[in-house]
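Since the structure comes first, as structure tokens, the remarks are kept for the end.
We name chains A, B, ... by the order of the sequence lines, and we start the count at 1 in each one.
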Amino acid sequence: MSETPYRYTAELADHIEVAWQDRWEEEGTFEAPNPAGPWADPTGVAALGTKMIVLDMFPYPSGAGLHIGHPLGYIATDVYSRFHRMLGKNVLHALGYDAFGLPAEQYAVQTGQHPRKTTEDNIVIMKRQLRRLGLGFDNRRSYATVDEEYYRWTQWIFVQIFNSWYDVSAVRPDGGLGRARPIADLRAELEAGTRPVEGDRPWAQLTEVERAAVVDSYRLAYTAEAPVNWCPGLGTVLSNEEVTNEGRSERGNFPVYRRNLRQWMMRITAYADRLADDLDRVDWPEKVKTMQRNWIGRSSGARVDFVAETALPTFAPVVLPVFTTRPDTLFGATFFVLAPEHPDVPTLVPAAWPEGTPAAWTGGHATPAAAVAAYQRSASRKSEVERQMETKDKTGVFTGGYVVNPVNGAKLPVFIADYVLMGYGTGAIMAVPGGDQRDFDFARQFELPVVFTVQPPPGHPQDQAYAGEGPAINSANDELSLDGLGVADAKAAMIAWLEAKGLGAGSVNYKLRDWLFSRQRYWGEPFPVVFDEDGVAHAVPESMLPVALPDVPDYAPKTYDPEDAASAPEPPLSRVPEWVEVDLDLGDGRGVRRYRRETNTMPNWAGSCWYYLRYLDPANHETFCDPENERYWLGPQAATVAGAPAGVRDPGGVDLYVGGVEHAVLHLLYARFWHKVLFDLGQVCSEEPFRTYFSQGYIQAPAYTDARGQYVEASEVVEHPGAHGQEPTFTWNGEPVTREFGKVGKSLKNMISPDDMYQSYGADTLRLYEMSMGPLELSKPWDTRSVVGSVRFLQRLWRNVVDETTGECTVADVEPDTATRTLLHRTVAGVREDYESLRFNTAVAKLIELNNALTKLPAVPREVVEPLVVMLAPVAPHIAEELWARLGHEGGITYVPFPVADPAYLVDDTVTCVIQVKGKVRDRVEVPADITEADLRELVLAREKVLALTEAGVRTVIVRPPSLVNVVPM
RNA sequence: GCGGGUGUGGUGGAACUGGUAGACACGCAGGAUUUAGGUUCCUGUGCCUCGGCGUGCGGGUUCGAGUCCCGCCUCCCGCACCA
């Protein structure tokens, strides 16, 4: 038997922690009352203060288990949530599982088990690991995206989107233009003729199939035959967001090819403006806002129509519109470029080269057709990487055709070149070498004329375009003169002229493309869509949801040689004919008919697009979320976030969302889009899902490489301290190895599991260490050795309350001295502020200081240690609960009010005044806090050290009572 | 190339609106307790020649600069022929 059986050891911590975790679970400590829905508890809501919803990024239940980096964000949100419970708020903090998707399916294929089995097993493991960390989630609100009751509503939301269209002229509640409306409204307008049908035949003359096609072309979820990212190595298509700049899949790093395939698309582009504008109303890191703005890529300018001199006989002239951000430079357009894949290229190509075509323009080919074909072939063979390698060298070839510059009638030669991208703007540009460096480079290559339309400043280099500010030159025709105008005025004048002449219009262009929403995968939500004999898509009626994912004999996708660009996707669901072919009565009056189910599945982003809404009302079987619950938890707040423009309305949304920056574009953009559609349809009253978003840093861990550059098992590496001031060295099996820092995981062989940490130290120590490593937003290196600092603190605190030998509470009911009491109140004030602003590292430092001060006292005063325990509770809840109980309190610490500082103690009676001479600290003196400027000045000037340093006399004295005096000698 | 961030002891990091640089912790050194060990306790610890020097580098503003201004550099992240 040890002499100190009540010592705070790992064993004792384990015992305490598990006991409190059991009690929290039994008592439902973290269950937050809802105002409405199946759990309606208005009394419970009224008993608490304001609401606070805290959100973590939706985790994927990995088969490898957690490492110490995973819980960082969860611990931070748990500390924040627990702090706010102590402020009396109704705090909702829940965690579910994003269990559909590619990684789950790949893991299942690897292990030869059904993905449902592997994901469910993984969830059990992850839940156990998270529970052991003492995370205070409302466990009633947990679910997984693979639950039928959850994806039923994912499908339901899809149906809402499918049954909507974007009316650009509809007025929103905020007065803006454009919102989603039910497709039934559109059909009524088309039938009534108040909305004309595109094309030459009116609605009444169309067949039902044709009418369906018209309506489908408006839907927010639609199928389209479009160039998509086909990834043979994964056997599926991918969204633009899932393809890297190198033209490979983000997952797996397989080559991705552009293929024309019929796929489901989401009309996210309809929301481009709102997605960009509404970033002003949320409190997010500027970096993430910038990333989203760049991805949306809004730029304003003008559309200008160029008429082609076509080679082929046509009835109507071929019009080639371009998008330009610099319509003011139109007079400087000296040539015209199309993307190699531009569909109008063939209409421009004549049988023979025009008279006087320079040899350099022909690419050495005898005819334009041959030159164009050859260039198109070589361009299509080039990968994205190769295209980027040669950004400086412009290539291209003359088509033999011309267009007319609408401002001056000039005949501009038309080239095709791969520096013009089919995917942006119209795939055609007017080339202004005087104002655009890329055009300038091309012009030099092909000896094309350069006209400056903005006066460059003196000394502007001859071999460069000028894109800056300046007066317009060379820009006049009979009706219009821009000469002398600044760039902004010239743009406006040109746009006005183009619009008046019907040659173009001001316009806004976006980089954002519609969202490719279907995957040829098994492990995803089935689309709630069936096709009739005519191939027309119908939404499955609500009463038939969910469309359950059937069991299939083989859930592995058909993958191909990663380089086999000509292969075609084959969805696993298409191998289950008895599921695909169904007889249904859709309730549309057509009776029972034979339908074919959609065999694609949704991407894994679907489930994470609305999961935060389901936390609000997870047991609701009538709707995805009771509107009253949504209004309570997410509704717009009275005050806008800091930095929002004056006069805007608060968008609402979760009060704090913490997560890594890797989802800055994908998930955060998709979820915002769905939320805005639901807002337009009146399903939610908040306009944004995430009002405040905090981007956390990562925990990095040391990894070691041997002489061959191979990673070695980090836990087996021995450190040898360096000589004074020298770097330490490391060996593995006696061989020297090199240390680096990188992400934790199998690939770097530096896995550190939270299980090991709480076995060696306890969960409270792990939580405390992770919170005190540094600012949450920074990436920090893990150092297992440093963890002892955190456990020592908890041990010192424990000893301040509990006798290690007898287990008795040693706290004394004595008056603390003034210094201790002052320190307490300062700590309270500081820790409150730190918790509020997520500065957990400095909060912990302040708690350690207070505890260290108590250690030095002959007896620990209850009046000080009790608030210390309460303040520690958010970070180290188990030890705080235990000490709180040992201090004689019942009922748990979770809802004990957070201490409030007495302002009287925040001001000292006496202050250490710093005495500087010429800005350097030379002396210090204790002075009354309320000392007057004159008294302080007199006191300081009489100090011995000051007199010694100011023998030549005093020039000035700066007095900042009571803390600082600076004497400037002659 | 464009945009954003970062740079402080041997290490992770503190420092509110310009006002005692290095809180807190690791490590290290010395000591204590212990048969021993350390996940124990105490003390010390920015650097160098007691007077100085010190917040990436060079200037500037100020009585006073890690903090403000100008010019560079480093590393990290994002975007990248976006018309």
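- Here G71(B) sits opposite C57(B) as a Watson-Crick or G-U wobble pair (both hydrogen-bonding atom distances under 3.5 Å).
- Note on V791(A): nothing from the nucleic acid sits closer than 4.0 angstrom, heavy atoms only.
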Practice task
Verify ring-ring contact (aromatic ring centres under 6.0 Å, His included) between W798(A) and F793(A), making sure each step is shown before the conclusion.
Solution key: CA-CA 9 Å; W798(A) 181 264; F793(A) 163 50; over 10 Å; no
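- Residue R303(A) places none of its side-chain N or O atoms closer than 4.0 Å to OP1 or OP2 of A83(B).
- Comparing U11(B) with U34(B), their C1' atoms are spaced 31 Å from each other, to the whole Å.
- With P as the reference atom, U55(B) and U8(B) are 11 Å apart, rounded to whole Å.
- The side chain of S299(A) approaches A83(B) more closely than any other nucleotide in the set A25(B), A83(B), G3(B).
- Ring to ring, F415(A) and F336(A) are not that close: their centroids are 6.0 angstrom or more apart.
- Both distances falling under 3.5 Å, in either a Watson-Crick or a G-U wobble arrangement, place G27(B) opposite U45(B).
- To the nearest whole angstrom, the two P atoms, one in U45(B) and one in U67(B), are 27 Å apart.
- Each of G789(A) and K287(A) was assigned the nucleotide of RNA chain B with the nearest heavy atom; the assignment lying further toward the 5' end belongs to G789(A).
- Candidate nucleotides C24(B), U40(B), G13(B) were compared by shortest atom distance to the side chain of N852(A), and C24(B) ranks first.
- No side-chain heavy atom of R826(A) sits less than 4.5 Å from a side-chain heavy atom of K846(A).
- D756(A) has its CG atom 16 Å from the P atom of U39(B), to the nearest Å.
- Looking at heavy-atom distances under 4.0 Å, N509(A) makes no contact with the nucleic acid at all.
- For K394(A) against C81(B), a side-chain-to-base donor-acceptor contact under 3.5 Å is present.
- In G27(B) the base sits anti relative to the sugar, since the glycosidic angle is further than 90° from 0.
- Nucleic acid contact class of T325(A) (heavy atoms, under 4.0 Å, all strands): sugar-phosphate only.
- Across the protein-nucleic acid pair, Y419(A) atom OH and C81(B) atom P stand 13 Å apart, rounded to whole Å.
- Using C1' as the reference atom, G22(B) and G31(B) are 26 Å apart when rounded to the nearest Å.
- Relative to the six-membered ring of F442(A), K394(A) misses at least one condition, a distance below 6.0 Å or an angle of at most 45° to the axis.
- For the OP1/OP2 pair of U40(B) and a distance below 4.0 Å, the side-chain nitrogens and oxygens of R796(A) include no atom meeting the criterion.
- A donor-acceptor contact closer than 3.5 angstrom links the side chains of S299(A) and Y424(A).
- Across the C1' atoms, C26(B) and U17(B) are found 33 Å apart, a figure rounded to whole Å.
- Across all strands shown, the partner of U40(B) is A32(B), judged by Watson-Crick or G-U wobble contacts whose two distances both fall under 3.5 Å.
- N966(A) has no side-chain polar atom (N or O) that falls below the 4.0 Å cut-off from OP1 or OP2 of U62(B).
- Rounded to a whole angstrom, the distance from the C1' atom of C57(B) to that of C24(B) is 30 Å.
- Across the strands present, C2(B) finds its partner in G78(B); the criterion is a Watson-Crick or G-U wobble pair with both atom distances under 3.5 angstrom.
- In this structure, K491(A) atom NZ and A83(B) atom C1' are separated by 12 Å, rounded to whole Å.
- Here S779(A) does not reach the OP1 or OP2 of C76(B): none of its side-chain N or O atoms lies under 4.0 Å away.
- Across the P atoms, C16(B) and A23(B) are found 15 Å apart, a figure rounded to whole Å.
- Nearest heavy-atom pair, Q759(A) versus A10(A), reported as atom, atom and distance to 0.1 Å: O-CB, 3.6 Å.
- When atom types are taken as modelled, the side chain of D834(A) and the backbone of A843(A) share a donor-acceptor pair closer than 3.5 angstrom.
- Within 4.0 Å (heavy atoms only), I958(A) reaches at least one base atom of the nucleic acid.
- A close approach under 4.0 Å does not occur between any side-chain nitrogen or oxygen of Y761(A) and OP1 or OP2 of U39(B).
- Rounded to whole Å, atom C1' of G4(B) lies 9 Å from atom CD of E286(A).
- Nucleotides C73(B) and G66(B) place their P atoms 23 Å apart, quoted to the nearest Å.
- Considering only side-chain atoms of V420(A), the nucleotide from A83(B), U40(B), G13(B) that sits closest is A83(B).
- The backbone N or O of I699(A) sits nowhere less than 3.5 Å from a side-chain atom of S779(A) that would complete a donor-acceptor pair.
- Between I848(A) and G297(A), it is I848(A) whose nearest contact on RNA chain B lies nearer the 5' terminus.
- Residue F793(A) contributes atom CZ, which lies 23 Å from atom P of G12(B) at whole-angstrom precision.
- Residues T334(A) and D439(A) form no side-chain contact, since every pair of their non-hydrogen atoms from C-beta on lies 4.5 Å or further apart.
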Close N/O contacts between protein and nucleotides 21-23 of chain B (under 3.5 Å):
residue: A23(B); atom: O2'; partner: E849(A); partner atom: OE1; Å: 3.2
residue: A23(B); atom: O2'; partner: E849(A); partner atom: OE2; Å: 3.4

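- Listed candidates were U43(B), C63(B), C26(B). Nearest to the side chain of V968(A) is C63(B).
- Looking at D283(A) and K289(A), no side-chain N of the basic residue comes within less than 4.0 Å of a carboxylate O on the acidic one, giving no salt bridge.
- Here G19(B) presents its C1' atom at 13 Å from CG of L936(A), a figure rounded to the nearest Å.
- S760(A) comes within 4.0 angstrom of a base, heavy atoms only.
- Taking the six-membered ring where tryptophan is involved, the planes of W284(A) and Y693(A) are perpendicular, since the angle between them exceeds 60° and thus also 30°.
- The distance from atom CD1 of I915(A) to atom C1' of U20(B) is 12 Å, rounded to the nearest whole Å.
- For C28(B), neither phosphate oxygen OP1 nor OP2 lies less than 4.0 angstrom from any side-chain nitrogen or oxygen of R785(A).
- Regarding M771(A), its CE atom lies at a distance of 16 Å from the C1' atom of C24(B), rounded to whole Å.
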